[in-house]
Amino acid sequence: MRVSRLMLVTLRDDPAEAEIPSHKLLLRAGYIRRMGPGLYAYLPLMWRVLQKVSKVVREEMDATGALETLLPQLHPAELWQRSGRWAGYTAGEGIMFHLQDRQGRSLGLGPTHEEVVTELAGDLLRSYRQLPVNLYQIQTKFRDEIRPRFGLMRGREFIMKDAYSFHADEECLRQSYAEMDRAYRRIFARCGLRTVAVEADSGAIGGSASQEFMVTAEAGEDLILASGDGRYAANQERAISLAAEAVALPQGRWPAGLGEALATPGQSSIDGLCKAHGFDSSQILKVLLLLARFEDGHQQPLLVSLRGDQQLNDVKLANAVSARCSAAHGALLEIAPLSAEASSKEGLGPIPFGYLGPQLEDGLLDGARTWARTFLRLADSSATGLEAFVCGANRIDTHLVGAAWGSLCPSPEGLDLRAAQPGDRCQHDPSQRLEASRGIEVGHIFQLGRKYSEALGARFTNGTGAEEALWMGCYGIGVSRLAQAAVEQLHDGKGICWPPSIAPYEVIVVVANGAEASQRELGELLYSQLQASGVEVLLDDRDERAGVKFKDADLIGIPWRVVVGRAAAAGLVELVERCSGHQQELAATALMETLLPSLERGRQGLAP
RNA sequence: CGGGGCGUGGCGCAGCUUGGUAGCGCGGGUGCUUUGGGAGCACUAGGUCGCAGGUUCGAAUCCUGUCGCCCCGACCA
């Protein structure tokens, strides 16, 4: 391709809309253009990159025996109603774009395809003899993100490879899951990315085991916690660790574990309380009052106890609440702090915020108009493990010192609700500590189990002639996000440094001075030779000064640059590798034999 | 939705406090010069100052409303 015909528009200044390096570079180098919040046009260079990534994904998926397909993007609401996800995905903070057709039927624009593919599988897969099957597609997904960000990183329309596997039993699912794990590692390695696999929460998709693949980068939206020995890595929303030892309360249980009242005027924060009385924050019992809202309208007040030095992990809490309530009330839509305004609207008396204790009685909720009238009481095991503690007296300006579970009030079951923090000791080896790094999630694999197949009635006949629900796994890769993540990980002050396997072109031939016939002619010759050898090559034939062409070549990040310049008359050209900056002068006649082997290695996704 | 900020030629910005009818850099076009790291000179095209009201002799500038976008939090490939 000739650069003069490429519709290449590069920007000298950083666009105001971009914040992180990869977003700025993709805009500046003419790869993408924004059409609206979270909506981007993939310009010709970008589209080539996306096709390269897709090609790698396709080859590795095909190699595992997975079948490529293409499913509809408009999904009948009825399918999502049957799986129980319609309300959660469309109401409130839901992320599914939805609409009605001319007949008034509700449709959703596919944010993910479990429902559609499960319906299909239930229709087609009738016998264990047909299993296992793994179906995948590479397609645009739509999600009405609360806040689209960072260009292709979090768009409202993005390209995703999603795969869904179907099995006759759980063991077979585990095998496919492991196989996808291996395929994913190959895919990311071939795309030239440094990734780390971490344990993850399975979130709205549901299911049991799940693992995310993170591209490590400063601008990543996820916090990764990993042990130094490399044996444990998890997303912070999922990470487990050992809490630091609590400092024992010197006076212990007092009196008889009921706690002695202590005047604590204005000391409504843990910090204030510790400063005023010399407590350690691990001696305090922190009690949070929250309200969970469910699909069926049920509103459940939550009373959550944590040790004072610990932070609540919202994801773990949501999982614990769902596990206890979703069977009766449908999907958990939201958990929010219970505010004073909300409680007075509810017709309740004043709540002593800042002075709450776990002994808070359900009687407080007696007059509630719409809320459940008993608290769902949950506690982190760091809190239930305290022998004696300081907690609020449920009276303004008063705390109790020396209170204990069992005496003050019954101890709730100890759960894991705390957020693991960098520096925490690891569970697998207490001598190891968690270290933090940031990552961009580019892949996620789940063992779904039978959640969707049961909901949608996707059943098969097993070897004994009995019908049962299909076992399922699902496996996603953010193709467009991966492409930008590559830029985020691989760029320098001059521009993008594409890994050869996913670069839009492999080589750019730069004619330094197009006014010189010898340069022009040699450039054309090399260009046609490279094309004839099947090389993806650009010829910068623009009527620009050499400096402009060099700057652009660096910016758009083509892995190899062949400069046809002053020495062209003597039959010499310069070969420059973009990522290392390494350059060598060689005879034009020796170019092909020097370059082609390196290109071949690049195509395999190996180091050049 | 809550909190912050910004809307001025294609892009990046100044002008606004203290009203007088719009300017700079980049980019575009033409010509000459230049020709190995975002060239120089000259000429040139291109703007309902987000939109709607209001105040005023006069509004990019002041007031009110409204719309849009960006950034920080809840979402995820």
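Residue numbers start from 1 in every chain, and the chains themselves are labelled A, B, ... in the order their sequence lines are given, proteins ahead of strands.
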Original post:
So, does the side chain of A:Arg481 form a donor-acceptor pair with the base of B:C76 at under 3.5 Å?
Top reply: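 Under the 3.5 Å cut-off, the side chain and the base do form a donor-acceptor pair.
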Subject >> Base of B:C76 paired with side chain of A:Asp222 (donor-acceptor, under 3.5 Å) >> reply: yes
Original post:
Stacking between A:Phe550 and the base of B:G36 (centre distance under 5.5 Å, interplanar angle under 30°)?
Top reply: no
For the ring pair [X] and [Y], is the centre-to-centre distance below 6.0 Å?
{"X": "A:Tyr31", "Y": "A:Trp498", "value": "yes"}
{"X": "A:His23", "Y": "A:Tyr40", "value": "yes"}
{"X": "A:Tyr475", "Y": "A:Phe446", "value": "no"}

When the distance from [atom1] of [X] to [atom2] of [N] is rounded to whole Å, what number comes out?
{"X": "A:Leu223", "N": "B:A74", "atom1": "CG", "atom2": "P", "answer": "12 Å"}
{"X": "A:Glu516", "N": "B:G36", "atom1": "CD", "atom2": "C1'", "answer": "12 Å"}
{"X": "A:Glu145", "N": "B:C75", "atom1": "CD", "atom2": "P", "answer": "10 Å"}
{"X": "A:Ile440", "N": "B:C75", "atom1": "CD1", "atom2": "P", "answer": "19 Å"}
{"X": "A:Leu193", "N": "B:A77", "atom1": "CG", "atom2": "P", "answer": "18 Å"}
{"X": "A:Phe150", "N": "B:C71", "atom1": "CZ", "atom2": "P", "answer": "7 Å"}
{"X": "A:Ile187", "N": "B:A77", "atom1": "CD1", "atom2": "P", "answer": "16 Å"}
{"X": "A:Arg154", "N": "B:C72", "atom1": "CZ", "atom2": "C1'", "answer": "14 Å"}

Watson-Crick or G-U wobble partner for [N], using a 3.5 Å limit on both distances?
{"N": "B:U18", "answer": "none"}
{"N": "B:A42", "answer": "B:U30"}
{"N": "B:U55", "answer": "none"}
{"N": "B:C1", "answer": "B:G73"}

Original post:
Given that A:Arg147 and A:Glu574 both sit by RNA chain B, which one's nearest nucleotide is further toward the 5' end?
Top reply: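 Closest to the 5' end, via its nearest nucleotide, is A:Glu574.
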Subject >> 5'-most by nearest nucleotide on RNA chain B - A:Glu221 or A:Ala18 >> reply: A:Ala18
My understanding is that only residues two or more places apart in sequence, or in another chain, count here; which of them pass side-chain contact (heavy atoms from CB on, under 4.5 Å) with [X]?
{"X": "A:Arg520", "answer": "A:Ala517"}
{"X": "A:Gln421", "answer": "A:Gln236, A:Gln311, A:Ala419, A:Asp424"}
{"X": "A:Arg2", "answer": "A:Ser4, A:Arg5, A:Glu524, A:Tyr527, A:Leu539, A:Asp541"}
{"X": "A:Glu60", "answer": "A:Arg186, A:Ile187, A:Arg190"}

Polar atom pairs (N or O), protein with nucleotides 3-13 of chain B, under 3.5 Å:
from, atom 1, to, atom 2, distance (Å)
B:G12, OP1, A:Ala16, N, 3.3

Work out how far the [atom1] atom of [N] is from that of [M], and round it to whole angstrom.
{"N": "B:G46", "M": "B:A22", "atom1": "C1'", "result": "14 Å"}
{"N": "B:G10", "M": "B:A45", "atom1": "P", "result": "16 Å"}
{"N": "B:C24", "M": "B:U35", "atom1": "P", "result": "30 Å"}
{"N": "B:A59", "M": "B:A52", "atom1": "C1'", "result": "15 Å"}
{"N": "B:U8", "M": "B:C13", "atom1": "C1'", "result": "10 Å"}
{"N": "B:G20", "M": "B:C62", "atom1": "P", "result": "11 Å"}
{"N": "B:C16", "M": "B:C72", "atom1": "C1'", "result": "27 Å"}
{"N": "B:C69", "M": "B:G50", "atom1": "C1'", "result": "10 Å"}

Polar-atom pairs under 3.5 Å, protein N or O versus N or O of nucleotides 27-35 of chain B: list them with distances, or write none.
from, atom 1, to, atom 2, distance (Å)
B:G27, OP1, A:Arg12, NH2, 3.1
B:U34, O2, A:Arg545, NH1, 2.7
B:U35, O2', A:Asn513, ND2, 2.5

Subject >> Residue list, ring-ring contact (aromatic ring centres under 6.0 Å, His included) with A:His491, at least two apart or on another chain >> reply: none
**OP:** For A:Tyr164, enumerate each residue passing the ring-ring contact (aromatic ring centres under 6.0 Å, His included) test, keeping only those at least two apart in sequence or located in another chain.
**Re:** none
**OP:** Tell me whether the OP1 or OP2 atom of B:G73 has a side-chain N or O from A:Arg149 closer than 4.0 Å.
**Re:**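 Answer yes for this pair, as a side-chain N or O of A:Arg149 is under 4.0 Å from OP1 or OP2.
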**OP:** Could you walk me through whether A:Glu114 and A:Arg85 pass salt bridge (Lys or Arg N to Asp or Glu O under 4.0 Å), step by step?
**Re:** CA-CA 10 Å; A:Glu114 282 81 8; A:Arg85 291 207 295 181; 2.9 Å; yes
Expected list for residues 547-556 of chain A: side-chain donor-acceptor pairs under 3.5 angstrom, two or more places apart:
from, atom 1, to, atom 2, distance (Å)
A:Lys549, NZ, A:Val511, O, 2.6
A:Lys549, NZ, A:Arg542, O, 2.9
A:Asp552, OD1, A:Thr10, OG1, 2.9
A:Asp552, OD2, A:Arg542, NH1, 3.1
A:Asp552, OD2, A:Arg542, NH2, 3.0
A:Asp554, OD1, A:Arg561, NH1, 3.2

Original post:
Tell me, which pairs form a salt bridge (Lys or Arg N to Asp or Glu O under 4.0 Å) where one or both residues lie in residues 19-47 of chain A, sequence neighbours left out?
Top reply: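 Qualifying pairs, neighbours excluded: A:Asp14-A:Lys24, A:Glu17-A:Arg34.
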**OP:** For A:Gly443, answer base if it contacts any base atom (sugar-phosphate contacts may also be present), sugar-phosphate if it contacts only those atoms, and nothing otherwise; contact means non-hydrogen atoms under 4.0 Å.
**Re:** sugar-phosphate
Original post:
Taking NZ, NE, NH1 and NH2 as the nitrogens, is one of them in A:Arg438 or A:Asp222 under 4.0 Å from a carboxylate oxygen of the other?
Top reply: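 Looking at A:Arg438 and A:Asp222, the cut-off is not met.
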Subject >> For RNA chain B, the residues among residues 34-44 of chain A that have a non-hydrogen atom under 4.0 Å from it >> reply: A:Arg34, A:Pro37
**OP:** Please name all residues satisfying salt bridge (charged side-chain N to carboxylate O under 4.0 Å, His left out) with A:Glu221, sequence neighbours left out, ordered by chain then number.
**Re:**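 Partners of A:Glu221 under the salt bridge (charged side-chain N to carboxylate O under 4.0 Å, His left out) test: A:Arg149, A:Arg154.
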